[in-house]
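Whatever order the structure lists ligands and atoms in, that order sets their numbers, starting from 1. Only this structure's heavy atoms are used, side chains among them; waters, hydrogens and symmetry mates stay out.
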Amino acid sequence: MKTKIKVPHHVAIIMDGNGRWAKKRGLPRTAGHGKGVKRVKEIVKEAKNIGIKVLTVFAFSTENWLRPKKEINILFTFLSNFLNTYEKELMEEGICLRIIGRKSNFDKKILKKMAELEEATKNNKNFIFNVALDYGGRWDILNAVNTIVGNCNDKKSIPEAIDEDYFRNFLALGEISDPELLIRTSGEQRISNFLLWNLAYSELYFTPLAWPDFDKKQLHLAIEAYSHRQRRFGGAN
Ligand code: IPE
Ligand code: IPE
Ligand code: MG
């Protein structure tokens with residue numbers, strides 16, 4: 001008998017392996033980024049079809065600035081094309097798009113587009129799609145701490161009020177519940193400074209496939225694997 005598939009509410013993905021995907025084919029690393037960006041819309045659509053409600057993808061980390069300038073520039077050109085051609089579909093599908101991350105290092109044009117898309121889609125209720133750009137889990141926690149310290153100094157809060165529920169509201173994901181499932185492509189088995197706070201009890205799914213090869217079927221396989229996990233949150237079963 002086939003067991004019923006348990007669909008997670010929130011899935012996070014570390015989209016890794018673009019460079020190696022390209023290298024294996026004798027192509028420049030940036031060709032892998034081009035192919036990788038193309039996969040994203042397909043996976044968002046399928047996630048929504050499956051019944052997932054929130055998808056958070058890691059697109060650029062606070063450490064990825066260490067890469068050659070040329071690679072970064074090309075990657076951001078792809079990202080900007082991605083954003084510039086997405087609004088119609090986001091509206092048709094009822095998807096709310098949010099950019100999470102530092103935002104202070106981007107050029108004005110891309111920031112403007114991000115703000116436009118966030119504003120245009122903010123009332124869409126079918127699905128939330130978070131794109132983590134210039135995001136780092138350590139940055140996120142420190143950013144929350146700084147805001148809270150400011151609030152305490154301004155007497156808008158008191159240290160005694162700071163518990164886990166209060167704290168999480170100041171993180172980039174805010175009120176969004178923690179991902180039940182984290183997927184990482186490319187065979188690496190690490191978090192690489194993604195959602196450090198929010199992934200505390202997420203189920204981890206690693207696949208050797210590079211992100212450009214992660215298609216709809218692979219998403220179904222990940223959800224199926226999640227279905228068989230037994231979550232305990234520290235309790236006894
Ligand atoms: C993921 O692919 C995309 C980003 C980190 C921006 P990589 O570029 O890290 O590809 P690999 O891991 O080097 O193969
Ligand atoms: C993680 O991948 C960041 C993104 C996918 C955006 P990296 O390729 O930067 O991670 P490491 O360096 O292998 O840990
Ligand atoms: Mg990588």
Side-chain angles (χ1 to χ4, degrees), residues 10-44 47 54-84 86 97-107 110-111 113-114 128-143 171-173 179 181-200 202-215 218-219 222:
H10 182 179
V11 175
I13 306 183
I14 300 177
M15 309 184 294
D16 194 21
N18 293 349
R20 279 164 284 170
W21 180 93
K23 201 174 162 209
K24 228 166 112 181
R25 287 158 180 81
L27 299 167
R29 288 177 56 81
T30 48
H33 294 317
K35 203 69 185 168
V37 172
K38 284 209 181 94
R39 273 280 176 227
V40 178
K41 291 178 184 170
E42 173 193 342
I43 294 300
V44 169
V54 185
L55 181 72
T56 303
V57 299
F58 204 6
F60 195 84
S61 76
T62 46
E63 289 73 39
N64 286 149
W65 296 108
L66 293 170
R67 297 187 178 203
K69 200 154 174 21
K70 204 170 147 212
E71 178 175 342
I72 296 173
N73 285 343
I74 295 177
L75 185 57
F76 275 96
T77 304
F78 288 136
L79 272 167
S80 131
N81 289 341
F82 170 86
L83 295 174
N84 286 332
Y86 207 10
L97 176 108
R98 293 174 35 170
I99 310 291
I100 60 167
R102 204 155 47 171
K103 284 187 179 164
S104 52
N105 293 315
F106 300 138
D107 72 47
I110 198 162
L111 273 177
K113 190 70 217 172
M114 288 173 182
I128 298 174
F129 177 38
N130 301 305
V131 183
L133 276 171
D134 199 6
Y135 177 87
R138 289 178 177 173
W139 164 82
D140 197 3
I141 292 169
L142 278 177
N143 187 52
L171 292 167
L173 284 177
L181 172 66
L182 170 77
I183 298 170
R184 182 170 186 150
T185 59
S186 92
E188 307 300 351
Q189 302 191 1
R190 52 179 173 257
I191 304 293
S192 298
N193 199 16
F194 199 22
L195 304 157
L196 295 180
W197 175 285
N198 308 83
L199 293 173
S202 306
E203 293 298 321
L204 309 180
Y205 177 85
F206 299 108
T207 166
L209 289 179
W211 173 249
D213 289 330
F214 191 89
D215 59 12
Q218 294 303 320
L219 181 64

(request) Output the list of atoms in ligand 2 that are nearer than 4.0 Å to some heavy atom of Arg67, sorted by atom number. (result)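 So the answer, numbered in order with elements, is 7 (P), 8 (O), 9 (O).
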(message) Distance under 4.0 Å to a non-hydrogen atom of Arg190: what atoms of ligand 2 satisfy this?
(response)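 Answer, ordered by atom number: 11 (P), 13 (O), 14 (O).
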(request) Only counting residues at least two apart or in another chain, list the ones meeting salt bridge (charged side-chain N to carboxylate O under 4.0 Å, His left out) with Arg25. (result)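 Partners of Arg25 under the salt bridge (charged side-chain N to carboxylate O under 4.0 Å, His left out) test: Asp213.
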(request) Could you pull out all residues at least two apart from Arg98 that satisfy salt bridge (charged side-chain N to carboxylate O under 4.0 Å, His left out)? (result)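 Glu175.
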(message) Distance alone, cut at 3.5 Å: any donor-acceptor contact between the side chains of Thr62 and Arg138?
(response)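 No, no side-chain donor-acceptor contact under 3.5 Å.
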With a 4.0 Å cut-off on heavy atoms, does [X] reach ligand 1?
| X | result |
| --- | --- |
| Ser61 | no |
| Ser186 | no |
| His33 | yes |

(message) For the Mg ion (ligand 3), what is the number of protein N, O or S atoms at a distance under 2.8 Å?
(response)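 Atoms of protein N, O or S type lying less than 2.8 Å from the Mg ion (ligand 3) total 1.
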(request) Select one of side chain, backbone, both or neither to describe which atoms of Lys23 lie under 4.0 Å from any atom of ligand 1, heavy atoms only. (result)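 Near ligand 1, Lys23 shows nothing, with every heavy atom at 4.0 Å or more.
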(request) Pick one of side chain, backbone, both or neither for how Arg20 approaches ligand 2, counting any non-hydrogen atom pair under 4.0 Å. (result)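 Arg20 to ligand 2: no contact under 4.0 Å from either part.
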(request) Specify side chain, backbone, both or neither for Phe60, according to which of its non-hydrogen atoms lie closer than 4.0 Å to ligand 2. (result)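 Backbone only; the side chain of Phe60 stays clear of ligand 2.
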(request) Apply the test side-chain contact (heavy atoms from CB on, under 4.5 Å) to residues Trp197 and Leu173: give CA-CA distance (whole Å), side-chain angles for both, the deciding distance (0.1 Å), then the verdict. (result) CA-CA 10 Å; Trp197 175 285; Leu173 284 177; over 6 Å; no
(request) Pick, from Asn18, Thr30, Thr185, Asn64, the option with the minimum heavy-atom distance to atom 3 (C) of ligand 1. (result)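 Ranked by closest heavy atom to atom 3 (C) of ligand 1, first place is Asn18.
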(request) Taking only heavy atoms of Ala59 into account, list the atoms of ligand 1 that are under 4.0 Å away from them. (result)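 So the answer, numbered in order with elements, is 6 (C).
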(request) Only counting residues at least two apart or in another chain, list the ones meeting side chain to side chain donor-acceptor pair (under 3.5 Å) with Asn105. (result)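 Expected list: Asp134.
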